[in-house]
Number of protein chains: 2
Amino acid sequence: MGRPRRPMLSRDRIVATALTVVDADGLEALSTRRLAAELGVSGPSLYNHVTTMEELLDAVVDTVVGEVDLSMFSDVGRDWRTALRDWARSYRSALAEHPNIVPALAHGMGHRPNSLKIADAVFGGLVDAGWPRAQATRIGALMRYFVTGSALGSFARGFPDDASVYAGRYPHLSEAHLLAEHQREIDDGAFETGLDALLDGLALKFERLVSDVGGTRPR
Amino acid sequence: MGRPRRPMLSRDRIVATALTVVDADGLEALSTRRLAAELGVSGPSLYNHVTTMEELLDAVVDTVVGEVDLSMFSDVGRDWRTALRDWARSYRSALAEHPNIVPALAHGMGHRPNSLKIADAVFGGLVDAGWPRAQATRIGALMRYFVTGSALGSFARGFPDDASVYAGRYPHLSEAHLLAEHQREIDDGAFETGLDALLDGLALKFERLVSDVGGTRPR
DNA sequence: ACCTGAACACCGTTCAAGT
DNA sequence: ACCTGAACACCGTTCAAGT
């Protein structure tokens with residue numbers, strides 16, 4: 001057949017199609033052959049636009065992460081607490097829309113531009129709000145731990161809904177088989193109370209920090 | 001060759017060997033053929049002891065999760081805050097000893113006995129300490145989010161150490177290439193400050209809760 | 001430059017055959 | 001019951017061949 005007059009593929013189209021495959025049928029359904037079929041092309045063609053399956057998956061994750069809202073860190077009106085809260089919710093929502101890619105977050109964040117963009121925005125926002133740089137780095141990391149962990153835990157299926165699993169064995173879980181139905185509410189509730197606790201705890205730390213400097217902290 | 005006089009394999013030996021393979025060469029190195037070779041046996045033999053590769057991986061994750069210390073929840077001396085702190089550290093340590101399995105946490109926690117044992121112990125400890133059952137459920141979930149998220153983020157490699165990646169593009173990250181060397185300290189610091197913030201925030205919530213009931217909460 | 005089919009070295013899993 | 005080798009339907013990736 002040979003080379004077509006106009007390219008049939010583009011990196012962007014490949015990445016976008018890969019995401020729809022993952023969304024529809026999960027990470028393990030994503031293969032070069034399946035993806036190529038979806039694009040109306042033969043398997044090896046992909047290698048003209050993408051160097052490796054792993055790199056492609058990184059790119060897919062990056063587009064998802066790119067949907068996270070970061071505008072709150074440049075809004076002068078918002079204080080760091082509400083900025084952090086809004087950002088965490090937006091981050092979680094972005095992952096919730098594509099639950100199947102969450103396990104892939106474990107690989108290669110260093111090579112994903114949008115992950116760096118997030119780290120940059122959060123760090124900048126916190127430093128502008130008066131946090132010392134070392135603390136701002138830690139807070140960026142710890143907030144990411146919480147949000148990605150909630151995505152990892154939330155959307156994986158939870159407790160078995162078969163009551164007999166718990167009988168005898170797990171004394172405190174006698175009603176856990178009911179959790180399955182309420183998984184959504186529980187995950188949302190856990191996320192929100194965790195977020196509140198985290199921000200309350202950080203506010204406490206911030207106050208201590210300000211008073212240590214003698215109460216003359218700017219902003 | 002046929003059936004040996006004494007079985008060459010056992011489920012436990014398979015699971016243990018699978019863990020050493022994953023520890024040594026990562027999740028993607030774990031295959032039936034590689035694992036069988038490591039066990040001095042042919043590939044299909046595994047299927048006499050294990051129904052599927054996925055179930056095997058669940059079992060591997062469960063042995064790792066089984067190393068988490070839960071004794072602090074039955075120690076009467078310890079208050080819920082320090083119990084939660086000690087448990088979170090032990091949980092994180094267990095995962096840190098086997099960083100390569102962390103991505104596999106995303107699958108099927110419902111079928112892992114030791115995950116349920118953990119949920120049971122945490123829930124029981126919090127209820128005993130005076131937390132309402134609904135809150136105890138949430139706290140168990142949110143602590144798991146934080147710990148697993150820290151494992152997911154920590155041990156994946158972090159920021160590129162090539163300064164040119166950041167130049168111009170990420171205004172606040174001009175020194176981020178230095179982070180790679182300090183990854184360990186930063187992860188530890190972020191985990192500890194996150195843990196502090198979480199516990200401080202929950203303590204605040206607990207106080208509010210106690211005073212709402214009229215200050216007559218037992219224990 | 002960008003597609004194709006053939007080929008290579010892998011997978012997980014099934015199954016008949018052996019003891 | 002528990003191992004074996006052969007076989008099936010898959011993988012990711014390379015590469016020569018076509019335009």
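Treat the numbers as computed from the prediction; the structure is a model and nothing was measured. Letters go in sequence order (proteins before strands), and every chain restarts at 1.
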Exercise for review: Would you list the pairs meeting salt bridge (charged side-chain N to carboxylate O under 4.0 Å, His left out) in which at least one residue belongs to residues 97-107 of chain B, sequence neighbours left out?
Suggested key: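 Listed by first then second residue: nothing to list.
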Point to revise | Of all pairs that satisfy salt bridge (charged side-chain N to carboxylate O under 4.0 Å, His left out), the ones with a partner from residues 28-48 of chain B, not counting sequence neighbours | key: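 The answer is B:D25-B:R34, B:R34-B:E38.
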Please tabulate, one pair per line, all N/O donor-acceptor pairs under 3.5 Å involving side-chain atoms of residues 65-72 of chain A, not counting sequence neighbours.
residue, atom, partner, partner atom, Å
A:D69, OD1, A:S71, N, 3.0
A:D69, OD1, A:S71, OG, 2.9
A:D69, OD2, A:S71, OG, 3.3

Review point. Tell me, what's DNA chain C's dot-bracket, Watson-Crick or G-U with both distances under 3.5 Å, | for other-strand, [ ] crossing?
Key: ||.|||||...|||||.||
Taking side chain to side chain contact (heavy atoms under 4.5 Å, CB included) as the definition, give me every residue that meets it alongside [X], ordered by chain and number, with sequence neighbours left out.
{"X": "B:L178", "value": "B:E175, B:E181"}
{"X": "A:P44", "value": "A:S42"}
{"X": "B:D62", "value": "B:R112, B:P113, B:N114, B:S115"}

Rounded to whole Å, how long is the line connecting atom [atom1] of [X] with atom [atom2] of [N]?
{"X": "B:R5", "N": "D:dC2", "atom1": "CZ", "atom2": "P", "answer": "15 Å"}
{"X": "B:L46", "N": "D:dC2", "atom1": "CG", "atom2": "P", "answer": "14 Å"}
{"X": "B:M8", "N": "D:dC2", "atom1": "CE", "atom2": "P", "answer": "13 Å"}
{"X": "B:R13", "N": "D:dC2", "atom1": "CZ", "atom2": "P", "answer": "14 Å"}
{"X": "A:L56", "N": "D:dC11", "atom1": "CG", "atom2": "P", "answer": "15 Å"}
{"X": "A:E55", "N": "D:dT13", "atom1": "CD", "atom2": "C1'", "answer": "14 Å"}
{"X": "A:N48", "N": "D:dT13", "atom1": "CG", "atom2": "P", "answer": "14 Å"}
{"X": "B:L27", "N": "C:dG12", "atom1": "CG", "atom2": "P", "answer": "12 Å"}

Point to revise | Residues that A:R78 engages under salt bridge (charged side-chain N to carboxylate O under 4.0 Å, His left out), provided they are two or more places apart | key: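 With neighbours one apart ignored, the set is A:D75, A:D86.
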Exercise for review: List in chain and number order the residues that pass ring pair (Phe, Tyr, Trp, His ring centres under 6.0 Å) with A:Y145, two or more places apart in sequence or in another chain; answer none if no residue qualifies.
Suggested key: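 Not a single residue meets the ring pair (Phe, Tyr, Trp, His ring centres under 6.0 Å) criterion with A:Y145.
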Point to revise | Any residue of residues 28-42 of chain A with a heavy atom less than 4.0 Å from an atom of DNA chain C | key: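 Those residues are A:R33, A:V41, A:S42.
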Every protein N/O within reach of nucleotides 14-19 of chain C N/O, cut-off under 3.5 Å:
residue, atom, partner, partner atom, Å
C:dG18, N2, B:R3, N, 2.5

Check your understanding: Is the charged tip of A:R144 near the ring of A:Y91: under 6.0 Å from the six-membered ring centre and within 45° of its axis?
Key ->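 That pair does not qualify as a cation-pi contact.
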Check your understanding: Hey, does the Lys NZ or Arg CZ of A:R133 hover above the aromatic six-ring of A:F123, less than 6.0 Å from the centre and inside 45° of the axis?
Key ->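 Verdict for A:F123: no cation-pi partner in A:R133.
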Check your understanding: Looking at B:T52, does any N or O in its side chain come under 4.0 Å of the phosphate oxygens OP1/OP2 on C:dG12?
Key ->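 B:T52 to C:dG12 OP1/OP2: no side-chain N or O under 4.0 Å.
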Check your understanding: Phosphate oxygens OP1/OP2 of C:dA1: is one of them under 4.0 Å from a side-chain N or O of A:H49?
Key ->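 It does not, given that no N or O in the side chain of A:H49 lies less than 4.0 Å from OP1 or OP2 of C:dA1.
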Only distances under 3.5 Å count here; give the side-chain donor-acceptor pairs of residues 7-21 of chain B to other protein atoms, sequence neighbours excluded, each with its distance to 0.1 Å.
residue, atom, partner, partner atom, Å
B:S10, OG, B:R13, N, 3.1
B:R11, NH1, B:E55, OE2, 3.1
B:R13, NH2, B:M8, O, 3.0
B:T17, OG1, B:R13, O, 2.8
B:T20, OG1, B:T17, O, 2.7

